[in-house]
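First the structure, in the form of structure tokens, and then the observations on it.
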Amino acid sequence: MSISHAPPHTPAPDISPKSASVPAPAPEPELEALVPSSSRRTRVPRWLRRTSGPLALLALWQILSATGVLTGDVLASPGTVARVGGDLISDGSLQNAMGVSLQRVALGLLFGTVVGTALALVSGLFRIGEDLVDASVQMLRTVPFVGLIPLFIIWFGIGEAPKIAIITLGVSFPLYLNVYAGIRGVDAQLIEAGESLGLSRWGLVRHVILPGALPGAMTGLRYSLGISWLALVFAEQVNADAGLGFLMVQARDFLRTDVIVVCLVVYAFLGLTADFIVRTLERLLLQWRPTFTGR
């Protein structure tokens, strides 16, 4: 008779919650909202930053005039320029000169826009038009339009026609270059997509090519506005009897630097106003195009 011996009983481990050691949960990190640098507002208003440069130049000009570094024969002081400008406004001569100059710029800009845009459309939309037009325009635009003033006087006389012709010629080339580049810069895949949707040639031009070339056209218009005021300065110094250029010629003959500076300030103000109008028009017409606005 065999006797079996049972193994010794081992107590089971205690797994009750009291004896288990559970590590404490780590605290969750606090999330901090990130603000893009482009949306952070600066403490200095933007209009104040934009005007700080001109105001600094004006202050430097006043200091140099007050200390005698700039004499009145070289450049009149800001106070003298402001006083003379007020006198010209009070007797109405400045308003009349501005009206004549604005009329010349408006006519030259209108004719130049029509000519430059029409040539760009012919050259940009048609290969045969490019062969016939582009080479001639590229050749003429390298000729300084100021050098053509004697020819314009011979052709058109000494009246208003040569002055408007000078402005027209100066305006046409920037518009031509930018509109032409805008047309040829349209994505070819957009043209293929329009053709696959059944658009006719005129439909492609109207709905695809012209909207795609509009940003370049607006850039060309801004360039043309700047050149129109430059051309006006030269045009109004050729046998002019009215306008801002006429005032400047008279002031040059009498060594009136204050009147010359007043006319230059008016030129700059009119150019800045025209550029602001074009930029506003650009924002309205190109709302569909998201662009980088700086940071």
Side-chain angles (χ1 to χ4, degrees), residues 38 46 50 102-142 145 164 166-232 269-295:
S38 58
R46 189 178 182 186
R50 292 179 64 90
L102 283 174
Q103 183 178 0
R104 289 168 179 164
V105 169
L107 290 175
L109 187 64
L110 175 62
F111 295 150
T113 300
V114 172
V115 172
T117 304
L119 291 176
L121 290 175
V122 172
S123 181
L125 295 177
F126 308 100
R127 291 184 179 178
I128 186 173
E130 180 183 9
D131 297 336
L132 296 175
V133 173
D134 187 66
S136 301
V137 174
Q138 298 297 336
M139 180 182 62
L140 289 175
R141 77 179 184 87
T142 59
F145 62 89
I164 296 175
I166 293 171
I167 300 172
T168 301
L169 186 64
V171 165
S172 301
F173 296 124
L175 268 172
Y176 171 83
L177 292 175
N178 284 275
V179 174
Y180 173 80
I183 293 174
R184 290 304 176 92
V186 175
D187 193 352
Q189 294 181 355
L190 296 178
I191 304 296
E192 296 177 358
E195 292 176 346
S196 63
L197 292 175
L199 290 178
S200 62
R201 184 175 182 83
W202 168 244
L204 286 174
V205 172
R206 180 182 177 183
H207 298 288
V208 179
I209 297 178
L210 291 184
L214 188 58
M218 300 305 297
T219 303
L221 184 59
R222 292 183 65 183
Y223 277 113
S224 298
L225 277 172
I227 294 180
S228 66
W229 296 109
L230 177 63
L232 178 67
F269 175 76
L270 292 176
L272 185 63
T273 303
D275 185 75
F276 173 77
I277 294 174
V278 175
R279 292 180 67 178
T280 303
L281 183 64
E282 184 178 4
R283 285 194 295 267
L284 293 176
L285 295 178
L286 301 179
Q287 293 180 355
W288 51 269
R289 187 187 65 162
T291 56
F292 177 67
T293 58
R295 291 185 177 180

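Residue numbers start at 1 and run along the sequence shown.
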CG/L232 to CG/L102 distance, rounded to the nearest 0.5 angstrom? 8.5 Å
Looking at residues at least two apart in the chain, or sitting in another chain, which of them share a side chain to side chain donor-acceptor pair (under 3.5 Å) with S224? none
Pairwise distance CG(D134) to CE(M139) - rounded to 0.5 angstrom: 11.5 Å
Rounded distance [0.5 Å steps], CZ in F111 versus CD1 in I164: 6.5 Å
When rounded to the nearest 0.5 angstrom, what distance separates CE in M218 from CG in L281? 4.0 Å
List the residues meeting side chain to side chain contact (heavy atoms under 4.5 Å, CB included) with Q103, not counting sequence neighbours, and say none if there are none. L107
Grab the two heavy atoms, one from G220 and one from N178, that are nearest each other, plus how far apart they are. CA-ND2, 3.5 Å
Test: salt bridge (charged side-chain N to carboxylate O under 4.0 Å, His left out). Region: residues 112-123. Which pairs qualify, not counting sequence neighbours? none
Answer yes or no: is there a side-chain heavy-atom contact under 4.5 Å between L272 and F269? no
Those residues that, when tested against L210, pass side chain to side chain contact (heavy atoms under 4.5 Å, CB included) (two or more places apart): L121, V205
Distance (rounded to the nearest 0.5 Å) between L169 CG and I227 CD1: 10.0 Å
Minimal heavy-atom distance between S228 and V171, with the atoms involved, is CB-CG2, 3.8 Å
Across all chains, not counting sequence neighbours, the side chain to side chain donor-acceptor pair (under 3.5 Å) partners of R222 are D275
Pairing residues for A213 by the side chain to side chain contact (heavy atoms under 4.5 Å, CB included) criterion, not counting sequence neighbours: I183
What pairs meet the salt bridge (charged side-chain N to carboxylate O under 4.0 Å, His left out) rule with one or both residues in residues 108-123, with sequence neighbours excluded? none
Where P215 and P211 come nearest, the two heavy atoms and their spacing: CD-O, 3.5 Å
Enter the distance from S172:OG to L109:CG here, rounded to the nearest 0.5 Å. 9.5 Å
Between side-chain atoms of residues 124-132 and protein atoms elsewhere (two or more places apart, or another chain), which donor-acceptor pairs fall under 3.5 Å?
from: E130; atom 1: OE1; to: R184; atom 2: NH1; distance (Å): 3.2
from: E130; atom 1: OE1; to: R184; atom 2: NH2; distance (Å): 3.0
from: E130; atom 1: OE2; to: Y180; atom 2: OH; distance (Å): 2.7

Sequence neighbours left out, what passes side chain to side chain contact (heavy atoms under 4.5 Å, CB included) with V137? Give chain and number order. L119, V133, F173, Y176
